[in-house]
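Presented below is the structure to which this report refers.
Model, not experiment: these values are computed from the prediction. All chains are named by letter (A, B, ...) in the order of the sequence lines, taking the proteins before the strands, and each is independently numbered beginning at 1.
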Amino acid sequence: MDERYDPKVIEPRYQKLWEKEKLFKVTEDPSKKKYYLLEMFPYPSGRIHMGHVRNYSIGDVVGRFLKMQGYNVIHPMGWDAFGMPAENAAIKAKTHPAKWTYENIEYMRSQLKKLGFSYDWDREFATCDPEYYRWEQLFFLQMLEKGLAYKKKSFVNWCESCQTVLANEQVEAGLCWRCNNPVVQREMDQWFFKITAYAEELLEYCDKLPGWPERVLTMQRNWIGKSEGAEIDFDVEGSNKKIRVFTTRQDTLFGATFMSLAPEHPMVKELVQGKEEEKRVNDFIEKYKRISREDRITGTLEKEGIFTGSYCINPVTGDRMPIYVANFVLMEYGTGAVMAVPAHDQRDFEFAKKYNLPIEVVIQPEGKSINAEELTEAFEEDGILVNSGEFSGMKSPEAREAITRELEKRGQGKKTINYRLRDWGISRQRYWGAPIPVIYCDKCGIVPVPPEDLPVVLPLDVELLPSGASPLPFVESFVNTTCPKCNGPAKRETDTMDTFVESSWYFDRFTCPDYTEGPLDQSKTDYWLPVDQYIGGIEHAVLHLLYARFFTKVLRDLGYLKIDEPFINLLTQGMVIKDGAKMSKSKGNVVDPDEMIEQYGADTVRLFCLFAAPPEKDLDWSEQGVEGAARFLNRLWRLVYEHHESISRVNSYSGKTPPGDASRKLHRKTHQTIKKVTEDIKERFHFNTAISAVMELVNLIYQVKDDVLREEKGLEVLREAIESAIILISPMVPHITEELWRVLGHESSIVLTSWPTWDEEAVKEEQLLIVVQVNGKLRSRIYVSPSADREEIKRIALEDERIRKFVGEKPVKKVIVVPGRLVNIVV
RNA sequence: GCGAGAGUGGCGGAAUUGGCAGACGCACUGGACUUAGGAUCCAGCGGGUAACCGUGGGGGUUCGAGUCCCCCCUCUCGCACCA
């Protein structure tokens, strides 16, 4: 054994060995309990960053720990390989996205291997491989058949700098989630996945995912945005047309005094046609087409609107309601039309004040009275109905039901549920993605590619365009094809799929990456799925994690899967920050994993990532902290170095209480540590406290070893303690522990060892420390035997000299005894 | 504005069920070893001379509150004219 700990020698040695022995390769084994452990696979952007190191280190601890506990752990890794950065980098470097991507994969794989993660590399794949995306194209065709994929013309989010459309989830505060540039609305014919068909189930299952962080579920619930209300039809005066609104406040219907339409509302054009208002309204619409989104980023727009010159009729009061176009009404939500109730909606109130429209109070707060003239803001809460005909006197919730029933009877409305969630726009006008497998024929229209013709391979022989726009439309050999129906000349779809489609099912494919008969081998998916533990960043709370849930339900309904949800437990780890900010090139605070590994070794980097903060919190990178981690590993190394020759001659102590005070103390601490570390990892994922427990054990070994060695079974007890420390910390720092394990004479890998169990008897303290309080204040400590009963503890406490001093002559009112904890004497 | 989470030494963080606040680590201080120490080992390390005071602030429940309840403040994240 070397005197000096040198990770540069040890780490590659064991990485090669693990790989050669295929220690982490797994197959289905019905006799064992399976565990599917997964970390979000990376985009091959070039190099691994600290966020990946942290994410994968957390996963690796869980994987190695559970393997040692006897689980059949599947722990795969692969590459989310389609995407725009490849294309942009390729344009810049005048290379090909495929070349760029595969080179990055090569390098990043080597980085992951240098970190010693326990992946089953035989399952690795990249999503840009046609053998992967061909199945995705098949799913698309089957979804098309079921109406779950469809094409429609609508206003979509367009990112000018990315030259492509984005789904709603991919727009953050009006900006593109990738490049942070403003997103504009553009009317385009696009492919969608009907995620809204699953809105209710996606929402409902939020209550059936107890292993998910509450805040992720909340974000998903909010994103789905269910609201219960009614659709109400308003007749347009002098026409047989109706305007349909969605409202959650049917109880305020009697107070609806005007109508607001979104600028994009299809009815606006008809309403103003030939009227003197026509030009003014059209100018207004044009203005908001140009500025609306961008202004929403900077702040709230002032409410503004314009009268269309038309009126509609309030179905319950019969009053004429002027129809306005209003800048704050969203076409995307509800029906794009809002019945305006100025007394009970703040936006409508402001609007009514500005344009001098009538305000009718129809809801009174309980025990108070308000009137329209004195209102300074809308009363938006529930209350008691007034001025509402037969419904006056009802409470809001009751009135909502009653008014809806009345409208239904008259055929002028119905109860509805509205969701904020929109269908998932998946067309991307970029090259580096999976082609959408449809063909356009002048005669037959949209024709799906026959499944037997899959995959529609993305042609690699292309010249990228400097603008970023897809070169596919110009690749004649790709575009020009024949119609599968009529055999006539036809053209292929040149849009590709959103790369979030690939990441929506990669975890399914990991169970059978080489299966060629179909997308998924049921004998494998049935065994491995669902994913037991998923680990990744919170930034995907409503992107990937929502899409993947949706896709799982689709694959279930297509007959591929038997599960309802993909991920049982979800851990969202915090960011790695430095100097109070997220690491970024522009801030110049990036710490490169390669440099850290070079300087300290993978084990030290891993240990620091796990020790500095609990996984769900942000981790503040500190070079001094890293040195602390390195110091601990050196300390462990020296301990083994100093004693390996002597303890190698004996077996680890395995009996009950050993003779000798020091030995007993160390034996007890050893078992306490086994218990603590096991529970911390298994039940709480608190690796930081698990590590600190091992540090305590090592500290105690240093402290008592000389005394222990003077005792009868001392050497055995010392070996037990040292060996336990090595095993317990091995999931965090697998290389150094593998080496030390072998130094102690073991010939097979530490990974194959069973996780130690603790002796409940040994864990117990011989003497319990009991805290004694007088009037709730700590006054003394006493030691009692664990077998002492309440009376005895009480007696010892009251006899304690310090306590007698504090109690003095005062009468003892009450004595509270909590066995094993404390005594509180109330005087 | 709505929703969620958090606030503990100089710092990262412990305290799992209401029961010794500050485990473990970093930084710092003193000492030992040493040609040397940025290695290692040992000791100390919330404030206060002390009684005592201390978990963002103020109330409350309790024998006992970092932990439970009410009010307030601050910060972070998400959504944001959602009808």
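Using a 4.0 Å heavy-atom cutoff across all strands shown, A:D348 reaches no nucleic acid atom at all. At a threshold of 4.0 angstrom between heavy atoms, the contacts of A:R215 are confined to the sugar-phosphate backbone, with no base atom among them. Note on A:K676: a base of the nucleic acid sits closer than 4.0 angstrom, heavy atoms only. Nucleic acid contact class of A:N418 (heavy atoms, under 4.0 Å, all strands): none. As judged by a 4.0 angstrom heavy-atom cut-off over every strand, A:I538 is placed among residues making no nucleic acid contact.
Side-chain atoms of A:D348 come within 3.5 Å of backbone atoms of A:V341 as a donor-acceptor pair (strictly under, hydrogens ignored). In this structure, A:D423 contributes its side chain and A:I195 its backbone to a donor-acceptor pair below 3.5 Å. A:Y355 places a side-chain N or O within donor-acceptor distance of the main-chain N or O of A:G305, the cut-off being under 3.5 Å. Without hydrogens or angle criteria, A:D680 side chain to A:F687 main chain gives no donor-acceptor distance under 3.5 Å. A donor-acceptor pair under 3.5 Å links the side-chain atoms of A:W637 to the main chain of A:D2, judged by distance alone.
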Output a table of nitrogen or oxygen pairs between the protein and nucleotides 47-56 of chain B separated by less than 3.5 Å.
from: B:C52; atom 1: OP1; to: A:R779; atom 2: NH2; distance (Å): 3.4

At a cut-off of 3.5 Å, list every protein nitrogen or oxygen paired with a nitrogen or oxygen from nucleotides 26-29 of chain B, distance to 0.1 Å.
from: B:C26; atom 1: OP1; to: A:R631; atom 2: NE; distance (Å): 3.0
from: B:C26; atom 1: OP1; to: A:R631; atom 2: NH2; distance (Å): 2.7
from: B:A27; atom 1: OP2; to: A:R631; atom 2: NH2; distance (Å): 3.3

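Between A:F351 and A:F258, the ring planes are parallel. Angles under 30° get that label, and only those over 60° would be called perpendicular. Note: A:W424 and A:Y547 have parallel aromatic rings, judged against thresholds of 30 and 60 degrees for the angle between ring planes.
Mapping A:V818 and A:L619 onto RNA chain B by nearest heavy atom places A:L619 at the nucleotide closer to the 5' end. Comparing A:E683 and A:D345 by the nucleotide of RNA chain B that holds the closest heavy atom to each, the one mapping nearer the 5' end is A:E683.
Between A:T404 and A:K415, the shortest heavy-atom distance links the atoms CG2-N, 3.6 Å. Of all heavy-atom pairs spanning A:L217 and A:C206, the tightest one is CD1-O, 3.5 Å.
Taken to the nearest 0.5 Å, the CG atom of A:L718 stands 6.5 Å off from the CD1 atom of A:I701. We find the CD-CZ distance between A:E377 and A:F349 to be 8.0 Å, quoted to the nearest 0.5 Å.
Closest to the side chain of A:A613, from the set B:U16, B:C20, B:G13, is B:G13. Considering only the side chain of A:L822, B:G19 comes nearest among B:G13, B:C63, B:G19. When distances are taken from the side chain of A:H686 to each of B:C24, B:A83, B:A15, the shortest belongs to B:A15. Relative to the side chain of A:W223, the nucleotides B:C24, B:C79, B:A83 differ in distance, and B:C79 lies closest. The nucleotide whose nearest atom lies closest to any side-chain atom of A:R347 is, among B:G19, B:C82, B:C24, B:C82. Nearest to the side chain of A:T218, among B:C41, B:G3, B:C82, sits B:G3.
Residue A:R420 has no polar side-chain atom (N or O) positioned under 4.0 Å from OP1 or OP2 of B:A83. Within the 4.0 Å cut-off from OP1 or OP2 of B:A14, at least one side-chain nitrogen or oxygen of A:N688 is found. Side-chain nitrogen and oxygen atoms of A:R684 include at least one within less than 4.0 Å of the OP1 or OP2 phosphate oxygen of B:A15. For B:A39, the OP1/OP2 oxygens have no side-chain nitrogen or oxygen of A:R638 closer than 4.0 Å.
Side-chain atoms of A:Y5 and A:T604 form no donor-acceptor pair, as typed in the model, at a separation below 3.5 Å.
The base of B:U76 is not paired with the side chain of A:K617 by any donor and acceptor separated by under 3.5 Å. A donor-acceptor contact under 3.5 angstrom links the side-chain atoms of A:K303 to the base of B:C81. Side-chain to base pairing of A:N222 with B:C79: no donor and acceptor N or O lie closer than 3.5 Å to each other.
Applying the 90° criterion around 0 to the glycosidic angle, B:G9 comes out syn.
Annotated stems with RNA chain B as a participant read B:1-7 with B:73-79, B:10-12 with B:24-26, B:28-32 with B:40-44, B:56-60 with B:68-72, given as range with range, by first number; only runs of 3 or more Watson-Crick or G-U pairs under 3.5 Å qualify.
Both cation-pi conditions hold for A:R779 and A:F806: the charged atom is under 6.0 angstrom from the six-membered ring centre and inside a 45 degree cone around its axis.
Taking the C1' atom of each, B:C24 and B:U35 are spaced 36 Å apart, rounded to whole Å.
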